[in-house]
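Have a look at the structure below before the remarks.
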Amino acid sequence: MQIRHRRGWEIPERLATPESVFLDRRSLLGGAAGLSLAAWLGDGAARAATDPASAYPAPRNGVYALDRAVTPERYSGDYNNFYEFGTSKSVLPAADRLKTRPWTIQIDGLVEKPFTIGIDELVGKMGLEERLYRHRCVEAWSMAVPWTGFPLAKLVALAKPLSGAKYVAMQTFLDRSMAPGQRMFYPWPYLEAVTMAEAANDLAFVATGVYGKPLPNQFGAPIRLALPWKYGFKSIKSIVKVSFVAERPKTFWEGLGPTEYGFWANVNPAVPHPRWSQATERVLGTDERVKTLIYNGYGEQVAGLYKGLEGEPLFM
């Protein structure tokens, strides 16, 4: 008898949130049901080049399931940290100023050949899939999100890093005329980084869409990171530059508040923030407070990344 050990964050398919609950557009896939995933991804470049929105919704990767319902977009879409557009959670009106076309991403540093690529060309090259991920903010609130995008490892492979590259540093845009929050004293532009090993992990995901459509501005359009085992501030928004470097960069919040925010930012209920507990989290769109899980429930997949690093502040 074959015994399958289900991961802690998986649920049976029969318990998955009905897609119609959060996405009516998925019915458009009915005519394409007979197509294989490979065929869908194979013509992505042509479709994205003529109409970027045509790449959405993308096929769901059923490996990445959840133990909770997807957070309705009416809650997650109006509750965002995006300091480039202000310190309020309701940044949606201000984020309308974000211009996402044209949009290019610069790839540089320790790579075979630096290059710049447009967002739509990148989407076409990578192909898209949908994954259901938990998202846990350092402020002790959480949501469950249907991200659309591609594994970060595919972007790393496209960049062809040299052997000396130890970290992947990512930077957001800098435009004070468009983003009023960037006129504040913070050390703009926003910078985040992960190790090469973290970037290669299956869970590390580059998101270009959410809820079956291209990212709305307040979610970090047109391209952001999604690292579900880390606090949300690690998942940098509106990326314009990806650099492969040998030395560990000082990231945005690490530089701004080193006693409260660190480089690693892995979720751990047993390690409180200096100003609040991380033992529980408030689930957006509900009245629930639930227990926080180590590595946000993804420990089986990522805990091994940190063996030998126990002396590091892994959970801040």
Side-chain angles (χ1 to χ4, degrees), residues 25 40-58 77 80-86 91-109 111-130 147-161 168-183 186 188-193 199 205-226 235-245 252:
R25 284 189 65 201
W40 177 273
L41 299 179
D43 69 350
R47 289 184 289 107
T50 56
D51 178 12
S54 68
Y56 306 86
N80 311 91
N81 286 323
F82 203 165
Y83 277 38
E84 286 84 347
F85 294 99
V91 298
L92 192 156
D96 279 344
R97 304 181 189 187
L98 178 62
K99 305 301 181 186
T100 61
R101 295 296 186 282
W103 192 278
T104 57
I105 299 96
Q106 180 182 347
I107 311 293
D108 67 8
V111 295
E112 287 187 8
K113 185 178 180 180
F115 63 94
T116 298
I117 187 169
I119 180 61
D120 299 320
E121 181 183 357
L122 180 64
V123 166
K125 283 181 178 292
M126 297 293 99
L128 299 178
E129 63 181 72
E130 183 182 81
W147 297 117
T148 301
F150 53 88
L152 178 55
K154 293 181 72 172
L155 181 59
V156 172
L158 181 69
K160 299 180 179 179
V168 185
M170 285 154 279
Q171 182 177 301
T172 193
F173 69 91
L174 180 60
D175 186 336
R176 292 183 175 88
S177 64
M178 181 173 68
Q182 291 184 333
R183 301 168 200 160
Y186 297 115
W188 305 111
Y190 200 99
L191 175 72
E192 261 304 338
F205 200 60
V206 177
T208 62
V210 69
Y211 295 97
K213 58 191 176 186
L215 284 171
N217 287 3
Q218 72 273 20
F219 277 96
I223 180 170
R224 63 168 292 162
L225 199 60
S235 295
I236 183 172
K237 298 176 178 177
S238 301
I239 299 167
V240 298
K241 187 176 180 180
V242 179
S243 301
F244 293 80
V245 298
F252 182 87

Looking at [X] and [Y], what are the two nearest heavy atoms and their distance?
X	Y	value
I105	V242	CG2-CG2, 4.0 Å
T172	I236	N-CD1, 3.7 Å
A221	S238	O-OG, 2.7 Å
E130	G212	OE2-N, 4.1 Å
S235	A226	OG-CA, 3.6 Å

Mind checking whether [X] and [Y] have side chains closer than 4.5 Å, heavy atoms only?
X	Y	answer
M170	L225	yes
L158	L122	yes
M126	P151	no
F173	Q182	yes
N217	F85	no
L128	V123	yes
D120	P52	yes
I117	Q106	no

Partners passing side-chain hydrogen bond (donor to acceptor under 3.5 Å, both in side chains) against [X] (at least two apart in sequence or in another chain):
X	answer
T208	Y56
D96	none
Q218	none

Not counting sequence neighbours, which residues clear ring-ring contact (aromatic ring centres under 6.0 Å, His included) with F219? List them please.
-> none

Could you list the residues that satisfy ring-ring contact (aromatic ring centres under 6.0 Å, His included) with W188, not counting sequence neighbours?
-> Y186, F252

Are any side-chain N or O atoms of R224 and backbone N or O atoms of I239, one a donor and one an acceptor, separated by less than 3.5 Å?
-> no

Please name all residues satisfying side chain to side chain contact (heavy atoms under 4.5 Å, CB included) with [X], sequence neighbours left out, ordered by chain then number.
X	result
A199	L152, V156, V168, V194
T104	T116
V245	Y167, S243, P249
R183	R97, R176, P180

Could you walk me through whether Y190 and L174 pass side chain to side chain contact (heavy atoms under 4.5 Å, CB included), step by step?
-> CA-CA 8 Å; Y190 200 99; L174 180 60; over 6 Å; no

Is the Lys NZ or Arg CZ of K237 less than 6.0 Å from the centre of F82's six-membered ring, within 45° of the axis?
-> yes

Results of salt bridge (charged side-chain N to carboxylate O under 4.0 Å, His left out) for D108 - residues two or more places apart only | K241

For E84, enumerate each residue passing the salt bridge (charged side-chain N to carboxylate O under 4.0 Å, His left out) test, keeping only those at least two apart in sequence or located in another chain.
-> none

Would you mind checking if K99 and D175 are paired as a salt bridge, meaning a charged N to carboxylate O distance below 4.0 Å?
-> no

Give the C-alpha distance, both sets of side-chain angles, the deciding distance and a yes or no for side chain to side chain contact (heavy atoms under 4.5 Å, CB included) between L98 and M178.
-> CA-CA 6 Å; L98 178 62; M178 181 173 68; 3.6 Å; yes

Test log, rule side chain to side chain contact (heavy atoms under 4.5 Å, CB included), inputs F150 and K125 = CA-CA 10 Å; F150 53 88; K125 283 181 178 292; over 6 Å; no

